[in-house]
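Working notes for the structure below.
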Amino acid sequence: MAALKEKRTCGQRCEDFGHFVWNSENGTLMGRTPEKWVYISLYYVAFYVVMTSLFSLAIWVLMYTLSPYAPDYQDRLTSPGVMVWPNTYGEEDVEISYNTSDKASWMGMSNILHEFLEPYNDTMQLQCNPHNCTKGKYFIQNTYSAPKHTKWVCPFTQSMLGACSGLEDPTFGYNCTMPCVIIKMNRIINFLPTNSSSSPPYVNCTVLSGQNNVDKIEYFPNNGTMDPSYFPYYGNLAQPTYVNPLVAVRFSLVGEKQAKIQCRVVSEKISYENIHDPYEGKVLFYLKAVK
């Protein structure tokens, strides 16, 4: 029968550990002489200095080749999304529903639009964007000629939305059955919605259900046009004061005063039939007024 290993006491184990930490006979510290500890320390210092330098060089080269004004790859977005305000987005659908007899109900809708249009204040826009733009023509800028190494921006003012600007009627028609909605197309850097010889993009709204409940549809600006002078967008760093061009749509509700509506931005370069993205090129919402 093999002999059992001798059990060592706690004191003996502590003594062995102390002997490992410093062996006075061999002059070693934790198994190595001080000279070897110096060599291995210098090795790891040099190793990590080289690795850190290579990593820093790689990051520097990457940042040097990237443009701070626009992403290098923009292949995921070919057509912009479209949104509607008041932005009463639910889990799946946009339902703009209000009660003309309940002031809190229709004031909630008008307050959303007032807050949304704050950056479009006429005075603010003309101060931030004093540049005069040529209407009907793309505003192509190859240089950063605006102050602080930026590019010029064409002003879009709240008053351009006419009867749906909230200036003439602060309720935006929500105190009656003539509500206004605002259509906004999302931004894509360097995107031109049409060919240079084509007509500008415009918003067109179609009543999908409840056609008898919509007597009239009006667009502001005229014909629901998004002027080409607001394109292309060059990015937030290049155009920090840029605001999206808008189209306001006013509906005259009659009968049951409810309808299912689709508004799309019509342009040859903007698709709207992508089943995987219901907001690409268009927006669908329900409009309902109760009393």
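- Applying the salt bridge (Lys or Arg N to Asp or Glu O under 4.0 Å) test to Arg250 and every residue at least two apart in sequence or in another chain returns Glu218.
- Of the possible donor and acceptor atoms, none in the side chain of Gln125 sits under 3.5 Å from a partner among the backbone N and O of Thr157.
- A distance of 5.5 Å separates OG in Ser79 from CZ in Phe191, rounded to the nearest 0.5 Å.
- Judged by distance alone, the side chain of Thr52 and the main-chain N or O of Val49 form no donor-acceptor pair under 3.5 Å.
- Side-chain atoms of Gln239 do not come within 3.5 Å of backbone N or O of Lys151 as any donor-acceptor pair.
- Counted within 6.0 Å of OH on Tyr144, heavy atoms from surrounding residues, nucleotides or ligands total more than 12; the atom is thus considered enclosed.
- Counting heavy-atom neighbours within 6.0 Å of Lys288 NZ, excluding the residue itself, gives a total of 12 or less.
- Exactly one of Lys282, Arg264, Glu280 qualifies for a side chain to side chain donor-acceptor pair (under 3.5 Å) with Ser271. That residue is Glu280.
- With hydrophobic clusters built from ILVMFWY side chains whose heavy atoms lie under 4.5 angstrom apart, Leu246 shares a cluster with Val243.
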Less than 3.5 Å apart, which donor and acceptor atoms pair up between the side chains of residues 222-234 and the rest of the protein, not counting sequence neighbours?
| residue | atom | partner | partner atom | Å |
| --- | --- | --- | --- | --- |
| Asp227 | OD1 | Gly136 | N | 3.2 |
| Asp227 | OD2 | Gly136 | N | 3.1 |
| Asp227 | OD2 | Ser229 | N | 3.0 |
| Asp227 | OD2 | Ser229 | OG | 2.7 |
| Tyr230 | OH | Lys135 | NZ | 3.1 |
| Tyr230 | OH | Pro155 | O | 2.9 |
| Tyr233 | OH | Arg187 | NH1 | 3.4 |
| Tyr233 | OH | Asn236 | N | 2.9 |
| Tyr234 | OH | Gln141 | N | 2.8 |
| Tyr234 | OH | Gln141 | O | 3.4 |

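- In this structure, Asn244 contributes its side chain and Lys184 its backbone to no donor-acceptor pair below 3.5 Å.
- Side-chain atoms of Val283 and Gln262, non-hydrogen and from C-beta on, never get closer than 4.5 Å to each other.
- Residues that satisfy the ring-ring contact (aromatic ring centres under 6.0 Å, His included) test with Phe47, not counting sequence neighbours, are absent from this structure.
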Under 3.5 Å, which donor-acceptor pairs do the side chains of residues 201-211 form with other protein atoms, sequence neighbours left out?
| residue | atom | partner | partner atom | Å |
| --- | --- | --- | --- | --- |
| Gln211 | NE2 | Val207 | O | 3.1 |
| Gln211 | NE2 | Leu208 | O | 3.2 |

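- Side-chain contact between Ile261 and Leu284 is absent, with no heavy atoms from C-beta onward closer than 4.5 Å.
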Can you list, pair by pair, the side-chain donor-acceptor contacts under 3.5 Å of residues 171-180, counting residues two or more places apart and other chains?
| residue | atom | partner | partner atom | Å |
| --- | --- | --- | --- | --- |
| Thr171 | OG1 | Asp169 | OD1 | 2.6 |
| Thr171 | OG1 | Asp169 | OD2 | 3.2 |
| Thr171 | OG1 | Gly173 | N | 3.3 |
| Thr171 | OG1 | Asn175 | OD1 | 3.1 |
| Tyr174 | OH | Cys180 | O | 2.7 |

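- Residues in residues 97-122 take part in these side-chain hydrogen bond (donor to acceptor under 3.5 Å, both in side chains) pairs, two or more places apart or across chains: Asp122-Ser159.
- Taking 4.5 Å as the limit, every side-chain heavy atom of Ile182 sits out of range of all side-chain heavy atoms of Val247.
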